[in-house]
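Encoded as structure tokens, the structure appears first; notes follow it.
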Amino acid sequence: MYIVDSRGGAIACMLLALLFLGTWPAILTLLERRGRLPQHTYLDYTITNLLAAVIIAFTFGEFGHTNDDKPNFLVQLSQNNWPSVLFAMAGGVVLSLGNLSTQYAWAFVGLSVTEVITASITVVIGTTLNYFLDDKINRAEILFPGVACFLIAVCLGSVVHASNAKDNQEKLDGLKGSKIDKKGSISNGSYATSKKDLEDGGGKGEKAKAGTASFLIELESQRAIKVFGRSTLIGLAMCLFAGICFSLFSPAFNLATNDQWNTLDDGVPHLSVYTAFFYFSCSCFVIAIILNITFLYHPAFNLPKSSIKAYLNDWEGRGWAFLAGFLCGFGNGLQFMGGQAAGYAAADAVQALPLVSTFWGVLIFGEYRKSSRRTYVFLIGMLSMFIVAVGVLMASSGHRKH
């Protein structure tokens with residue numbers, strides 16, 4: 001099997017993982033804003049997420065010769081390594097729960113804020129756990145200042161959210177008489193536009209510009225999850241839950257591949273990254289399928305009911321959802337490959353994915369358009385802290401002795 005055994009290779013894996021893991025949430029957010037049911041999107045995403053793990057296992061996991069100390073993927077499937085397998089599967093379960101929570105949180109508090117809060121919680125808790133699990137191979141004098149940068153970033157992220165919410169409310173207050181009815185129609189006293197009109201481009205008037213009150217109202221009429229009138233505390237609570245879940249999946253994977261608690265029998269080799277990732281992704285897949293099929297028939301947040309048949313016939317945006325699954329799967333795999341080489345604490349640098357997701361949020365979704373100068377100042381400060389955090393965490397990379 002192929003092993004990343006250099007610091008440079010590990011950092012390359014982390015940077016590529018950062019790009020992938022910061023992009024897939026933007027794709028799922030795009031589909032939700034176009035009105036596709038999150039349950040349909042997540043089921044599609046889950047399929048290719050597992051497929052990515054299978055591809056990695058049968059390529060990197062089977063590359064080269066095998067031996068007793070470092071067996072290839074297929075050899076490890078028949079070995080008595082179930083304690084490590086259970087750790088890997090536990091990591092997949094919490095990741096699946098966290099991903100599902102963020103999919104709904106994006107609608108309530110926006111892509112950028114969701115990623116900032118969850119990523120920062122992940123780094124503060126997960127990095128600390130991984131540092132001690134990895135026997136302190138990462139340099140603490142560099143690592144923990146990087147963690148402090150994430151803490152500052154999450155504080156700035158909260159301020160950005162509050163400031164932007166205030167800006168949006170001021171925009172809506174300026175559009176007197178605007179309202180959205182239960183059928184998805186909007187009116188502002190001078191015209192009414194239905195959701196179908198907006199999707200077909202048949203509404204009256206020109207398309208609203210990003211950052212305006214009309215844009216916010218049109219977005220609400222099209223999106224799958226209606227958030228007007230709902231407390232953002234719902235979204236923040238989901239972010240908190242997701243962050244806790246995300247902070248546990250990497251330490252669980254660390255235990256699966258390095259057996260720090262000595263749960264394996266003597267002579268049984270540790271799980272390779274590729275075998276552990278396969279089991280990790282299988283459990284993630286099972287949990288996601290169970291929960292999302294349940295949500296088809298018992299949806300949350302007043303979403304319309306669906307069915308397996310409706311899901312199978314819904315091809316609108318399916319290609320994008322498949323792409324998101326591949327990006328997330330390969331991103332997680334690269335993160336683990338880099339972590340096994342340089343320490344999982346350093347690999348948590350990929351949690352600076354708000355750098356990427358905020359870029360997509362501004363470019364695709366018009367987030368922070370026509371916001372106040374105050375919001376821009378806090379936004380720049382938040383992104384700057386993430387850039388510093390990525391550099392510092394990667395600089396703390398160590399070298400695991402195989």
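Here, residue 1 is the first one in the sequence, and each next residue gets the next number. Just so you know, these numbers come straight off a predicted model, no measurement behind them.
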Taking all non-hydrogen atoms of both residues, which atom of [X] and which atom of [Y] are closest, and how far apart?
X    : Y    : answer
A256 : A88  : CB-N, 3.6 Å
F73  : A57  : CB-O, 3.7 Å
L393 : V147 : CD2-N, 4.3 Å
R374 : S163 : NE-OG, 2.8 Å

Could you check whether the rings of F249 and F280 sit parallel, tilted or perpendicular, using 30° and 60° as the cut-offs?
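Tilted: the ring planes of F249 and F280 meet at 30° to 60°.
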
Check each of F285, F322, W24, F326 against Y45 using the ring pair (Phe, Tyr, Trp, His ring centres under 6.0 Å) test, and report the only one that passes.
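Only one of F285, F322, W24, F326 forms a ring pair (Phe, Tyr, Trp, His ring centres under 6.0 Å) with Y45, namely W24.
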
I'd like to know if the side chain of R318 reaches the main chain of H40, judged simply by a donor and an acceptor atom lying under 3.5 Å from each other, with no hydrogens or angles considered.
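A pair under 3.5 Å: no.
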
Please check if the number of heavy atoms outside F63 that lie under 6.0 Å from its CZ is greater than 12.
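No, because the 6.0 Å sphere around CZ of F63 holds 12 heavy atoms or fewer from other groups.
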
Any heavy-atom pair between the side chains of [Y] and [X] that's under 4.5 Å?
X    : Y    : result
Q260 : L255 : yes
F253 : F277 : yes
H270 : S84  : no
S307 : Y297 : yes

Name the residue from W320, Y311, W315 that meets the side-chain hydrogen bond (donor to acceptor under 3.5 Å, both in side chains) definition with D44.
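Exactly one candidate clears the test, Y311.
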
Aromatic ring proximity, centroids under 6.0 angstrom, Y131 and F144
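Yes, close enough.
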
